Protein chains: 2
Amino acid sequence: MKQKITLKHIARELGVSISTVSKALKNSEEISVDTKEKIQAFAKLYNYKPNNIAVSLKNKRTKNIGVVIPDIVHHFFTTVFRGIEKYANGQGYNVIICVSDESFDKEVINMEMLNNGSIDGFIMSLSAETQQKNDINHLREVVDQGIPLVLFDRVTDDIDCDKVILNDREIAYKATVKLLEEGRKRIALATTESYFNVSEKRAEGYKQALTEYGIELDDNLVLVLPYDDIKEEVINDFFEREAVDAVLSVNEIFAIQCMSVAKKRGMKIPEDISFIGFTDGLLSRYSNPRLTVVAQHGVTMGEEAAKMLIDRVEREIDGNDEEAYRTHIVEATIIERESTKN
Amino acid sequence: MKQKITLKHIARELGVSISTVSKALKNSEEISVDTKEKIQAFAKLYNYKPNNIAVSLKNKRTKNIGVVIPDIVHHFFTTVFRGIEKYANGQGYNVIICVSDESFDKEVINMEMLNNGSIDGFIMSLSAETQQKNDINHLREVVDQGIPLVLFDRVTDDIDCDKVILNDREIAYKATVKLLEEGRKRIALATTESYFNVSEKRAEGYKQALTEYGIELDDNLVLVLPYDDIKEEVINDFFEREAVDAVLSVNEIFAIQCMSVAKKRGMKIPEDISFIGFTDGLLSRYSNPRLTVVAQHGVTMGEEAAKMLIDRVEREIDGNDEEAYRTHIVEATIIERESTKN
DNA sequence: TTGTAGGCGTTATCAT
DNA sequence: ATGATAACGCCTACAA
């Protein structure tokens, strides 16, 4: 087992000083060609690599970014993460990831765990519980300390920082219009509890479209489902109770499940009923019929978030940190598949 | 923006020495109760936290672990990662993740990016390309340097280190036996290119079962599909060509797609044909019929991998690092759903 | 051209 | 009970 080699080792071995070695390895003009070659050869031979930790301590920057997300076993977050990781690695940054598991406490703990010099900035999407309580002191603290923070998707208006969001309201509006243009009259909205800001925004778009098309809002057509452990009967009861000819769902699971129940009830898709879901995941692509979806372009969101964060981190280093906070809006698109007419 | 506070700040502010502050914050007996209280109060007020980077440099350990996996937008890896993250965080470790994207070069780059003091050890699953080339010098180098390494799932026999794998052969055997016990005679195997060690192992189990049940192996029943961009015609041609009454698939996507084609061809599931796939992901749970699967217990694998790694890291610190390498085998289980008879 | 010294923030050993 | 000093590995302004 060969130990990691340091400047000190090289210096001692070659009978020169540490700073000579340091300069030689940076190809400094100060050092004679001879010694440079000797030192560089030696360093290469022993595969010298500067110790990142020491460099971080010196530079007061780690080239690490911290990502705190509610869930990793979830297609959307996974794609966003992919975008973050891709961009960050390209810029020489590493990504430390923590999962809050939709828990406020874990979110706070995760942030504290990272906020001790381990990272140069945060990229986050709020946990369900955090959105519900709307307790954001942990975010405020980070911002107050001057640590760059980028929020994506599940954001809050109560904190001033960079943000990356989807045009949720507009795309929900468009999706609803699409259903209306198909001639649908009784469009249901399958959604989560209302404390998710994105669900709220999507509901707004849905309602706006209906209103514009002169259709009276009917709260009975709004089906609120729990995040997990969905019971088929609930959905079946819903279809039993309400005559529905289209469903807009804020995620793909709800859409798939509603579609499944509709099929069992003998409805033809998309002849009798249309479906559109948010999230272009595997479920939508491999369902039967394949689901028309709102693609959230998670990778783009992630890349953009990482770019905003790293830009700000590097700007701070250069001293001109007083750039105004921006909110970048990623444009969702509708991918038409078999669950809608066209 | 209040700057991060350090021992030095506190010392200066309170007119004591840095070492006094350090000791006081550790509740050392050496320090008088008075000064301790004063210092601790001050530290709490200004929310002092030791700088992790400095501590890492001093201790020569980072409490970070590096994870390099082929793909994050993939249910199995995602669940393993979840297990790693969960266990590691519980032990006060952070997780830095890099995605190799099934590319050998990226895998090497990722490892180099981390292997400069940023982490205490690696958890990895090999990229497709790495398995194909079987070039593992980058792993060997890490091991030679004495950096703990744990391989999971996509491992190689050519490197000596801790490993966590699934009992792929046995469970494939069991799954095949299950199909045989249903009375199936023409069982297809839907698999990937053979350089994946797991696919190989699964194929072995499949073949063993057939042999034991006195069924002659028929290579025409082995359907090799590309990892992505699967063409339905290929599958359809396969069904056209071969009379098949069951399919064992090494992943869930292949199973779902085969199932879909079979349905289109008018076959009844599971009356005419049964399906079993590996990976208990969303697709299997929400397919129609719901797919019987081999659950790989990714979270368990991840937890176990993290435990093995951290144990070894901490053992090394205590000096007794000469523990033999272990291979931990996680027992897969079959989850029976609607795509098989029971 | 090369080397010395100080510092990044923390900890541990050894004075006082 | 408190403080000075050195060290972790690296970098850099300044001396020689």
Side-chain angles (χ1 to χ4, degrees), chain A residues 2-40 42-43 46-64 92 115-120 145 316-317, chain B residues 2-40 42-43 46-64 92 115-120 145 316-317:
Chain A
K2 36 179 181 180
Q3 263 293 335
K4 272 258 113 166
I5 195 168
T6 70
L7 291 183
K8 197 197 257 186
H9 293 135
I10 302 182
R12 195 183 302 142
E13 214 61 34
L14 262 42
V16 293
S17 79
I18 293 179
S19 57
T20 304
V21 177
S22 174
K23 286 171 187 165
L25 292 177
K26 297 199 128 53
N27 236 321
S28 162
E29 289 305 323
E30 296 180 31
I31 308 295
S32 74
V33 180
D34 276 11
T35 25
K36 272 201 285 196
E37 279 179 354
K38 187 177 61 175
I39 292 173
Q40 286 170 0
F42 190 92
Y46 286 94
N47 192 24
Y48 170 80
K49 296 248 191 54
N51 179 318
N52 218 320
I53 300 294
V55 175
S56 293
L57 183 59
K58 179 112 248 280
N59 297 162
K60 294 166 150 249
R61 45 191 306 248
T62 60
K63 289 220 149 201
N64 286 157
N115 188 20
N116 52 14
S118 299
I119 54 147
D120 294 338
Q145 281 175 33
E316 282 197 352
I317 291 159
Chain B
K2 37 179 177 179
Q3 261 294 333
K4 271 256 116 164
I5 195 168
T6 69
L7 290 182
K8 197 197 254 188
H9 294 135
I10 302 182
R12 196 184 301 144
E13 213 63 33
L14 262 41
V16 292
S17 79
I18 293 179
S19 50
T20 303
V21 177
S22 175
K23 287 171 187 164
L25 292 177
K26 298 200 126 53
N27 237 318
S28 161
E29 289 306 323
E30 294 179 33
I31 308 296
S32 75
V33 180
D34 276 11
T35 27
K36 273 203 285 197
E37 280 179 354
K38 190 177 61 177
I39 291 173
Q40 287 170 0
F42 189 91
Y46 286 94
N47 191 27
Y48 170 79
K49 297 247 192 55
N51 179 319
N52 219 319
I53 299 293
V55 174
S56 292
L57 182 59
K58 185 109 244 285
N59 296 162
K60 294 169 147 245
R61 43 190 307 247
T62 60
K63 289 220 149 201
N64 286 156
N115 188 20
N116 52 16
S118 298
I119 54 147
D120 295 337
Q145 281 175 34
E316 282 197 351
I317 292 158

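Any value given below was found using the heavy atoms of this structure, including those in side chains, with hydrogens, waters and symmetry copies removed. Quantities reported herein were computed from a predicted structural model and do not represent experimental measurements. Proteins get letters first, then strands, A, B, ... in listed order; numbering begins at 1 in each.
Between the axis at the start and the axis at the end of the helix from dT1(C)-dA16(D) to dT16(C)-dA1(D) there is an angle of 60°, using five pairs per end and rounding to 10 degrees.
Remark: nothing in residues 32-39 of chain B comes within less than 4.0 Å of DNA chain C through any heavy atom.
For I119(B), the side chain to side chain contact (heavy atoms under 4.5 Å, CB included) test picks out N64(B), I96(B), L114(B), F122(B), with sequence neighbours left out. For N51(A), there are no side-chain hydrogen bond (donor to acceptor under 3.5 Å, both in side chains) partners two or more places apart in sequence or in a different chain. In this view, Y48(A) satisfies the ring-ring contact (aromatic ring centres under 6.0 Å, His included) rule with no residue, not counting sequence neighbours. Residues passing the side-chain hydrogen bond (donor to acceptor under 3.5 Å, both in side chains) test with S56(B), sequence neighbours excluded: none. Here S118(B) pairs with N52(A), N116(B) under the side-chain hydrogen bond (donor to acceptor under 3.5 Å, both in side chains) rule; sequence neighbours left out. The side-chain hydrogen bond (donor to acceptor under 3.5 Å, both in side chains) test applied to S17(A) returns S19(A), T20(A), not counting sequence neighbours.
Annotation for P50(B) and V55(B): closest pair CB-CG2, 4.3 Å, computed over non-hydrogen atoms.
Here the side chain of Q145(A) pairs no donor or acceptor atom with the backbone of K4(B) at under 3.5 angstrom.
Residue pairs meeting the salt bridge (charged side-chain N to carboxylate O under 4.0 Å, His left out) criterion with at least one member in residues 7-16 of chain A, sequence neighbours excluded, do not occur. Legend: salt bridge (charged side-chain N to carboxylate O under 4.0 Å, His left out) pairs involving residues 29-39 of chain B, not counting sequence neighbours, sorted by first then second residue: K23(B)-E30(B).
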Using a 4.0 Å heavy-atom cut-off, write out nucleotides 11-16 of chain C from 5' to 3' as B (base contacted by protein), S (sugar-phosphate only) or - (no contact). BBBB--
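Protein chain B contacts DNA chain D from dA1(D) to dG9(D), reading 5' to 3' and using non-hydrogen atoms of the protein with a distance under 4.0 Å.
Atom-to-atom distance recorded for E316(A):CD and D120(A):CG is 9.5 Å, nearest 0.5 angstrom. Here CZ of F42(B) is found 11.0 Å from CG of L25(B). Values are rounded to the nearest 0.5 Å.
Remark on DNA chain D: of its neighbouring residues A54(A) and E29(B), the 5'-side contact belongs to E29(B), judged by nearest-heavy-atom nucleotide. In terms of position along DNA chain D, the nucleotide closest to S28(B) lies nearer the 5' end than the nucleotide closest to the other residue of the pair K60(B) and S28(B).
Rounding to whole angstrom units, NZ of residue K8(B) and P of dG9(C) are separated by 7 Å. One interatomic measurement links the two molecules: CG of L57(B) to P of dC8(C), which rounds to 14 Å at whole-angstrom precision. Atom-to-atom, CZ of R12(B) to P of dG7(C) comes out at 11 Å; the value is rounded to the nearest Å.
Between S17(A) and dT4(C), a side-chain N or O to OP1/OP2 separation shorter than 4.0 Å is absent.
For OH of Y46(B), the number of neighbouring non-hydrogen atoms (other residues, nucleotides, ligands) closer than 6.0 Å is 12 at most.
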